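For reference, the structure is listed below as structure tokens.
As the structure is a computational prediction, the values presented were derived from the model and not from experiment. Atoms considered below: every heavy atom in the structure, side chains included; atoms not considered: hydrogens, waters and symmetry mates. Chain letters run A, B, ... following the sequence lines, proteins first, then strands; residues in each count from 1.
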Amino acid sequence: MARIQSSLNISSADFRRNYGANKVRIEEFRAKQHAARFNRPQRDVERLAKQGKMMPRERLERLLDPGTPFLELSSLAANMAYDGEAPGASSITGIGIVSGREVMLRADDPSIKGGAWYPLTIKKIVRCLDMAIENRLPVVHLCDSAGGFLPLQSQLFPDKHMAGRIFRNQSILSKLNCKQLSLVFGHCTAGGAYIPGLSDYSVIVRGTGAVFLGGPPLVKAATGEVVTVDELGGCDLHTQVSGTCDYPAGSEAEAIAIGREIVSQWDRAPKWAIQQAEVEAPHYDPDELYGIIPDDIKRGFDMREVIARLVDGSRFHEYQPAYGTTLVCGYANLWGFKIGILANNGVLFNDSALKGAHFIELCNQNQTPLVFLQNITGYMVGREYEARGITKDGAKMIMAQTCSRVPKFTIMCHGSFGAGNYGMCGRAYDARFLFTWPNHQIGVMGGEQAAKTLMEVKLRQLERNAQHIDQAILDRVYHETLEAYQEQVTAYYSTSEIWDDGIIDPVDTRNALGVAISASLNAPLGDPGYGVFRF
Amino acid sequence: MSIELNLDGTPRTVSVAARKPGWRLTVDGTPYTVSEEQGEDCVLLTVGERRYRVWRALEGNRVHLKIGGRTFSLGYEEEVSAAAHAGAAGHEVHADMPGVVVDVHCGPDAIVSAGDALLVIESMKMQITITAPRDGVVAMVHVAKNQPFEKGNLLVSLRDEEA
Amino acid sequence: MLKKILIANRGEIACRIMRTAQRLGIGTVAVHHFADRAAPHVALADEARELHAEVPTAAYLDAEQLIAAAQATGAEGIHPGYGFLSENAGFAAKVEAAGLVFIGPQPGVIELMGDKIRSREFAQAHGVPVAPSIEQEGDLAAFVAGAEAIGFPLLIKAAAGGGGKGMSIVRNAQELAARATIASSEAQRYFADGRIYAERYVERPRHIEVQVLGDGTGTVLHLFERECSIQRRFQKIVEESPAARLAPELREKICSAAVKLASSAKYRNAGTVEFILAPNGEFYFLEMNTRLQVEHPVTEYVTGLDLVEAQLRVAAGETLWLEQADVKLTGHAIECRICAEQPEHDFRPATGTVRKLRIPTGEGVRFDGGIREGQAITAAFDSMLAKLVVHGADRHAATDMIRDALEEFVLLGVDNNSDYLGRIFDHEAFRAGDLHTGFVVEHAAGLAPPPLDATDEAAVLLAAALATEELRRLIDEVPEPHASIGGWRN
């Protein structure tokens, strides 16, 4: 396989400007992440220490095998919600290695409002369990939560994919032979009690761990019974009398050690045999990605340069290199795994849509996972293209992509607008993992375009009603629209709402995909077959 | 997660920083480049720039080894037991060697300070006074005067003084 | 020559005696307590008989059972080895009364030399120099007065003691008075004989002993001297032959004195005459050991003679077949005693199980050990596990050889003094031959284990950790690509 020939000039003004701007963006991203992960009110930190509890990230680090990667998901969830009260949505999720096994980990964060579950916490937990189901991963829960955040109960309780979905997912995981371990470090109240209840194995810490459907205040209110936390649902009750929990632990350290030993007992299910080659680091320096990605959403770049800094040896076997050139398709290896890449180099035309659909079919035939590198403003519009059937061709690409049996992975690199998002495997299309880069924007259309469109609409409305054309009104429509979009198209907004599985530093993309692809191999391939292609 | 060892009474930890391309192992957090190969009748261990011949034997909760011309015997505890005992450290007094109890100087609920005499034992024709490793209260004395015991046997259990 | 012998002993000496017997085509009978049933000496012998006793050591001290075992197996003679009943005149007499050959001296000579005071008098009477001394004859007060008259420092000893037990040094009248009472009661308790005596204590003395061989007719040869000055708690741990630095004339004087003593007693079989050598060249008779000694191999190396074979020949009735002029010194031999003990904790005895054993080999290296992998070392027996002996062209070469052999020696599972012995042979003072019985105490700081630098200490911990299944799994069980990606966080 030939190496991509990079034509990047790292001394050019463009490169230097991009690099500088991206470095600033990355520092900003890292600062936000650090704050979300570690800034906590001192009194909460002290409270945990006095209870003899570790901070959740310390529990996680002790549980994980040393010197192994941890792919954290949605680290900036809820960063633009609840006035910033719930950094990370009070939850830590990710894929790591425990006792040599790939597991999905989920930890409550008791340093934020006692670990209470906000609506976005529920969404994050449900998402991580959905990922465990799709990828057939075992799960380890590190439980320590005060329960649902009652003021927002209507947003976290009643609907199909709200709190109840957590326990439904746990049951399905168990049915699929995916083991679950709960380490009960704190309270598991009400619905939360079902987490260890539906886990195959559970460890509970004496003194601080407790599992009950109703806590002492609720019990007293309901029946008048007066009982302490420990009597009602503590370690000894559940490990000696009720059998709700399996292993007692005298300390958090002991609970974690027992947990590791439990995981070491689990068999390793066979993974499907993807084509693999010897690993080679990219020939070009991934650091150069900062100079490739423009700081302006309207400027483009050559995706081949990005691919060259992601894949093994920078080697790429390009498919249909001369046809449909606005979509780059081809095979490469990443951490040794063979993948098929679809990457946008411009708007999608008839030929690029057809090429994309065909290449997706080839990857399914070859049992090669698909990696989508998105930078798409949409399919080409206009009479000529409609006459040629751009809608049909876009539909064919969506059909091929949706009905794929191989796992799909999406990286939103720059822009993801309109229908282009669909064909290129946006959120609705079940990518196993979907990550965004910090400068990425997502919307039905770009902010300026939307502002101009709405301003046009307003103008027509005023004309129709024969009203005076007040430029100020038009300007206000333009600016208000633009402002709203500015906030809502950003990667930070998207990640806050958990429309993605996390913002990642472009330079981390290779490792993230390596861990993600490895995790995805635990699930068997889907059934082959497509719906009807509109020809 | 790390390996818990005891060298001359001091707890030490060994862990893994990296596995590829070669081992990087840490000792109390300090990383070293390490490799091992099988020699004729010993193990050849390389740590950084230095090479050592190693003979070793694992025995329950001890690791015996000869390395660099010197013999060592380290305490070792598997993670789960180490975590379970971390709480009990200093609460249990075990016999270092086999012997016989000559005299008992404490009883249940006696308040003791670190260094107070708990028992006098005789072993290998020498009399030794066993002292309390920490302040506390005697929970239970597990042996009686004139009773023989083996190495490792539990002699006295302590508990913390209630506040 | 005897056709079959019983070895009333265990451990390395039993094995060593059997090896010579086997070489000479003599049948061997081993005896053992139940606790020793898997011991190497049992496996080595042609036949074995179990002895019964409450405590393992008592078995080897049971004269009746030993003699019965010999008779039952048709053994013609009993070799007592060293320790146990080897210097028990009563046992020797019983053996002979039972019609068996006691492979050692006459019972009467054993009794004479076993009594510190009588042997001293005997030596003095036959022109062998002795240290000024006084024995306790009446009450302690008179004894103390007489002792003071000799002058300080003084060594207080039990008359019936030996092997370094029951001895102490006093430097002034108060210490003497206090010590005398304690020494007497200790002597009573350990040796069933409360008599004590005091003698001139030489500062920085050297311990020089002479190996002798007699045939009972009065003809006695010496096989030169050994130096055993390196001791801890009055017990030898390093011995060499010839002595480290000894003028030929002085050697001649000491060896002649030994021969004089032994021939005066018409000594039969092998024995050792021990002397104290003062820095000024004066030497005094200490005691005579009427048995084969632990350190006899160094003499064997430098003279080329097999002492056990010599013992067997004398026991078979031969008169001495060698002339003194036939006995020559070649090269230099050093022995060290590997013991189950912790030198850093005042040489406290240690127990455990031998988990790994690697015996040094090579030209001029000899390892006499009755131990094997898997063997339990208990408090039941003496703490000596083995002897390591080397023979080199000269003292310098022999010192290097034994130090190298100790580095190659591996014994894991039982704390032992092998590292410590290696440090003795590395020590300047030892290499210079600057020896005296206080060597170990004088150089305690220099003989302590040197501190490890950070990398060496890390290597110890890493080597230990890599022995554990836990660390192996932690390293090996992480799959790819995670193992190659390493400790990455996003």
Side-chain angles (χ1 to χ4, degrees), chain B residues 1-5 7-8 12-21 23-28 30 32 34 36 41-43 45-50 52-59 62-74 76 78-79 96-99 123-126 128 151, chain C residues 341 344-346 348-358 373 378-379 383 403 406-420 422-423 449-450 452 454-471 474-476 478 480-487:
Chain B
M1 195 267 144
S2 53
I3 309 299
E4 309 284 327
L5 295 166
L7 179 61
D8 295 331
R12 312 294 296 269
T13 60
V14 172
S15 190
V16 183
R19 296 164 182 76
K20 301 278 174 80
W23 295 347
R24 285 279 281 174
L25 305 180
T26 63
V27 176
D28 296 331
T30 309
Y32 294 90
V34 180
E36 248 197 2
D41 73 333
C42 65
V43 166
L45 177 73
T46 308
V47 177
E49 304 284 299
R50 299 189 197 167
Y52 303 87
R53 284 191 306 162
V54 177
W55 292 265
R56 57 189 174 208
L58 184 58
E59 170 173 24
R62 295 211 76 81
V63 183
H64 308 287
L65 67 149
K66 182 154 186 176
I67 177 173
R70 283 172 68 160
T71 311
F72 298 91
S73 187
L74 292 91
Y76 163 61
E78 265 202 15
E79 214 204 350
D96 262 348
M97 62 200 123
S123 179
M124 325 276 196
K125 300 200 177 77
M126 291 190 299
I128 297 165
K151 180 170 170 175
Chain C
E341 63 191 28
E344 64 279 0
H345 289 125
D346 200 34
R348 196 168 78 184
T351 57
T353 305
V354 177
R355 296 294 174 192
K356 205 167 212 67
L357 180 63
R358 180 179 189 252
E373 276 185 18
T378 65
S383 66
R403 193 224 25 226
L406 282 166
E407 206 171 301
E408 295 302 307
F409 171 69
V410 177
L411 172 54
L412 302 177
V414 189
D415 288 333
N416 62 84
N417 64 350
S418 56
D419 286 1
Y420 178 80
R423 290 194 289 272
L452 294 164
T455 306
D456 282 343
E457 195 179 64
V460 173
L461 291 157
L462 291 163
L466 286 165
T468 66
E469 173 85 16
E470 237 187 338
L471 183 59
L474 199 57
I475 295 173
D476 295 335
V478 172
E480 289 290 356
H482 309 82
S484 292
I485 294 175

If you measure from OG1 on Thr30(B) to CD on Glu457(C), what distance do you get to the nearest 0.5 Å? 10.5 Å
Would the distance check show the side chain of Lys66(B) and the main-chain N or O of Phe409(C) forming a donor-acceptor pair, the cut-off being under 3.5 Å? yes
Chain C contact via Val27(B) - which portion, at a heavy-atom distance below 4.5 Å: side chain
Using modelled atom types only, decide if a donor and an acceptor are shared between the side chain of Asp419(C) and the backbone of Thr71(B) within a distance under 3.5 Å. yes
Heavy-atom distance under 4.5 Å between the side chains of Thr468(C) and Val14(B), does that happen here? no
Give the minimum heavy-atom separation between Ala454(C) and Tyr32(B), together with the two atoms involved. O-OH, 3.9 Å
Honestly, the part of Arg12(B) sitting under 4.5 Å from a heavy atom of chain C is side chain
Out of Thr26(B), Leu65(B), Leu45(B), Val47(B), return the one with the most heavy atom pairs under 4.5 angstrom to chain C. Leu65(B)
Can you see which heavy atom on Ile67(B) is nearest to which on Ala459(C), and at what distance? CD1-O, 3.7 Å
Given side chains that start at C-beta, do those of Leu461(C) and Thr13(B) come closer than 4.5 Å, heavy atoms only? no
To the nearest 0.5 Å, what is the distance between CH2 on Trp55(B) and CG on Leu412(C)? 9.5 Å
Using non-hydrogen atoms and a 4.5 Å limit, figure out which bit of Glu79(B) sits close to chain C: side chain, backbone, both or neither. both
What distance do Glu59(B) atom CD and Arg355(C) atom CZ have between them, rounded to the nearest 0.5 Å? 3.5 Å
Under 4.5 Å from any heavy atom of chain C, what part of Leu58(B) do you find: side chain, backbone, both or neither? side chain
Arg423(C) CZ to Arg70(B) CZ distance, which is reported to the nearest 0.5 Å: 6.0 Å
For the pair Arg50(B) and Asp456(C), find out whether any cationic side-chain nitrogen is under 4.0 Å from an anionic carboxylate oxygen. yes
What part of Pro450(C) gets closer than 4.5 Å to chain B, counting heavy atoms only: side chain, backbone, both or neither? both
Contact check, side chains of Val460(C) and Leu74(B), non-hydrogen atoms, under 4.5 Å: yes
side-chain contact (heavy atoms from CB on, under 4.5 Å), that's the test. Do Glu480(C) and Lys20(B) meet it? Break it down for me. CA-CA 10 Å; Glu480(C) 289 290 356; Lys20(B) 301 278 174 80; 2.4 Å; yes
Name the region of Asp41(B), side chain, backbone, both or neither, that has any atom closer than 4.5 Å to a heavy atom of chain C. side chain
The interface call for Leu406(C) against chain B, heavy-atom contacts under 4.5 Å, is backbone
Applying salt bridge (charged side-chain N to carboxylate O under 4.0 Å, His left out), name anything that partners Arg53(B), two or more places apart in sequence or on another chain. Glu408(C)
I want to check something: taking the side chain as every heavy atom from C-beta on, are Leu474(C) and Arg19(B) in contact at a cut-off of under 4.5 Å? yes
With sequence neighbours left out, the residues meeting side chain to side chain donor-acceptor pair (under 3.5 Å) with Glu470(C) are Tyr76(B)
Over 12 foreign heavy atoms within 6.0 Å of CG, Asp476(C): yes
From the list Leu471(C), Asn416(C), Leu466(C), the residue making the most non-hydrogen contacts under 4.5 Å with chain B is Leu466(C)
Residues Val63(B) and Ala467(C): closest non-hydrogen pair is CG1-CB, 4.0 Å
